[in-house]
Amino acid sequence: MTITTGSPPTHDTPADLARGLVTGGVIGASVTAFVSGCVIEKTSLIVMGLLIAAVYALAFFLATLPRRAREAAVAPRTALAMIESLEAVGGESSDVPVQFDLTVAPDDSPAYRVEVRQDVNLVELADYRPRGIVVVEYPPDRPWKARIVRRPTPEWEQRVAGARLDSAPGPVMRSDPVQGWAGGLLTLLGLLLGTAAVLVPYRADLFGADASRAAPRPSVSSSSSTTTVTSATGTITLGPGRSMLGQNELRSSVESLTRGHRRQALSVVVQDRMLTVVFSPTGVRSTGFDPRSLPFDRVQPLVEEATTTLGVGSPHSWQLTADGLTGSVTLRIVVTGAAGTGTLEADGQGKVTRRSSS
């Protein structure tokens with residue numbers, strides 16, 4: 001049987017161009033829908049993003065199933081080949097991608113040149129050398145898809161041992177032809193169109209939600225302190241001459257931020273004149289704690305202990321962070337001084353559990 005060893009197509013066919021445009025559109029629409037749904041907390045948009053990707057994947061699988069079945073039904077051909085040259089093109093694992101330039105010599109058709117890329121184990125890499133003979137397999141209708149057989153049958157091993165091949169002239173066919181620029185351009189266009197198809201209908205929800213969430217509620221100011229409360233955080237800044245370590249200052253500040261609701265807190269950050277509470281998202285069940293349950297009476301002694309016993313010299317600043325992300329409340333006081341940084345940790349009752357300095 002004689003085969004025609006024509007070169008593989010080197011340009012994008014209309015089907016390839018259409019597939020690239022649709023693929024780009026699906027990627028843009030599905031990813032944008034999923035991310036936008038998470039941002040504006042719209043479940044239907046999240047489901048739509050996942051559904052678009054799933055439907056396209058299923059359609060692509062079904063559309064290519066007949067072609068893949070036809071290709072699988074065709075038995076591959078086996079032939080001897082000579083390595084003209086080889087070059088490792090990268091890889092940090094045990095299998096190294098190697099670019100082979102081969103002369104393939106079928107038994108009943110003219111020899112031809114082909115360039116293939118194949119992963120080769122580092123242990124076996126020394127077995128491949130220029131002018132060496134190997135066994136390859138390829139589909140009869142696509143000879144440029146040649147692959148080196150790592151474990152040939154005993155019959156082909158005997159043929160390799162006594163084979164002598166001459167180099168075939170070019171041109172060199174490539175197993176993975178370079179795609180044209182038009183395909184990449186249409187894929188990018190499809191990506192932009194898919195993204196716009198989601199952003200345009202939901203632009204009011206997306207950008208309106210971001211603006212409303214970013215805009216804080218009106219601040220409540222006085223000559224001694226400033227309070228700012230948003231849907232996610234609450235902050236109190238004391239006026240000059242006052243400190244969160246003052247009597248009942250921290251307790252009253254926390255109560256003023258939590259007055260009127262029972263929202264859990266993800267973290268509470270205390271500095272000398274500032275308190276910040278990060279609240280759990282509304283309507284989302286998450287690990288948190290009641291900021292009013294903090295051991296307020298232990299805060300001042302813990303800060304004094306951290307600033308005097310951790311060996312940081314004259315302390316420049318201190319910060320207390322309380323979080324309950326692990327299920328139990330942990331207090332962490334970080335003190336910075338001329339001699340370094342010290343950390344003191346305590347449990348939810350204010351009992352010291354660890355000290356460290358650097």
Side-chain angles (χ1 to χ4, degrees), residues 1-17 19-20 64-184:
M1 180 177 66
T2 303
I3 62 172
T4 302
T5 58
S7 298
T10 58
H11 60 277
D12 295 306
T13 64
D16 293 332
L17 297 177
R19 188 184 305 116
T64 58
L65 189 59
R67 175 181 59 80
R68 288 184 284 110
R70 289 194 304 270
E71 293 176 356
V74 178
R77 296 188 54 129
T78 306
L80 295 178
M82 181 177 65
I83 301 175
E84 300 287 351
S85 63
L86 71 160
E87 179 185 2
V89 292
E92 299 179 355
S93 62
S94 58
D95 289 336
V96 179
V98 178
Q99 194 84 18
F100 289 94
D101 183 355
L102 305 174
T103 287
V104 180
D107 291 339
D108 51 6
S109 60
Y112 63 94
R113 292 279 292 274
V114 64
E115 186 179 275
V116 300
R117 177 177 295 191
Q118 188 167 334
D119 290 343
V120 177
N121 192 278
L122 284 173
V123 177
E124 302 174 349
L125 190 58
D127 297 336
Y128 300 98
R129 59 191 184 279
R131 310 300 296 177
I133 306 299
V134 294
V135 179
V136 298
E137 288 184 345
Y138 59 88
D141 57 340
R142 286 165 293 134
W144 56 85
K145 293 287 186 181
R147 305 292 294 173
I148 297 175
V149 180
R150 294 185 178 181
R151 300 289 183 268
T153 63
E155 176 187 355
W156 282 99
E157 286 183 345
Q158 292 179 1
R159 294 188 59 178
V160 167
R164 295 292 183 272
L165 300 179
D166 295 326
S167 297
V172 178
M173 294 185 290
R174 288 173 172 78
S175 60
D176 298 311
V178 178
Q179 300 298 319
W181 61 268

Next item on the list: Decide side chain to side chain donor-acceptor pair (under 3.5 Å) for Arg131 and Ser167; before the verdict, give the C-alpha distance in whole Å, the side-chain angles of both, and the deciding distance to 0.1 Å.
Entry: CA-CA 9 Å; Arg131 310 300 296 177; Ser167 297; 3.1 Å; yes
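- Other residues, nucleotides and ligands place no more than 12 heavy atoms under 6.0 Å from the CZ atom of Arg164.
- Ion pairing between a basic and an acidic side chain is recognised when a charged N comes within 4.0 Å of a carboxylate O; Asp141 and Arg77 show no such pairing.
- Arg151 meets the side-chain contact (heavy atoms from CB on, under 4.5 Å) test with Glu124; sequence neighbours excluded.
- The OG1 atom of Thr103 sits 4.5 Å away from the CZ atom of Arg113 when rounded to the nearest 0.5 Å.
- Take Asp166 and apply the side-chain hydrogen bond (donor to acceptor under 3.5 Å, both in side chains) test, not counting sequence neighbours, and it matches no residue.
- One finds the CD atom of Glu84 at 11.5 Å from the CG atom of Leu86 (value rounded to the nearest 0.5 Å).
- Side chains of Val89 and Val98 form no contact here, defined as non-hydrogen atoms less than 4.5 Å apart.
- Closest heavy-atom contact between Leu102 and Ala81: CB-CB, 4.5 Å.
- Here the straight-line distance linking atom CD of Glu157 with atom CD1 of Ile133 works out to 14.5 Å at 0.5 Å rounding.
- Closest approach of Val149 and Glu137 over heavy atoms only: CG2-CG, 3.5 Å.
- Sparse packing is recorded around CZ of Arg129, with 12 or fewer heavy atoms of other residues, nucleotides or ligands lying under 6.0 Å away.
- Using a 4.5 Å cut-off on side-chain heavy atoms (C-beta onward), Phe100 and Ile83 make contact.
- The minimum heavy-atom distance between Val114 and Val172, with the atom names listed, is C-CG1, 3.8 Å.
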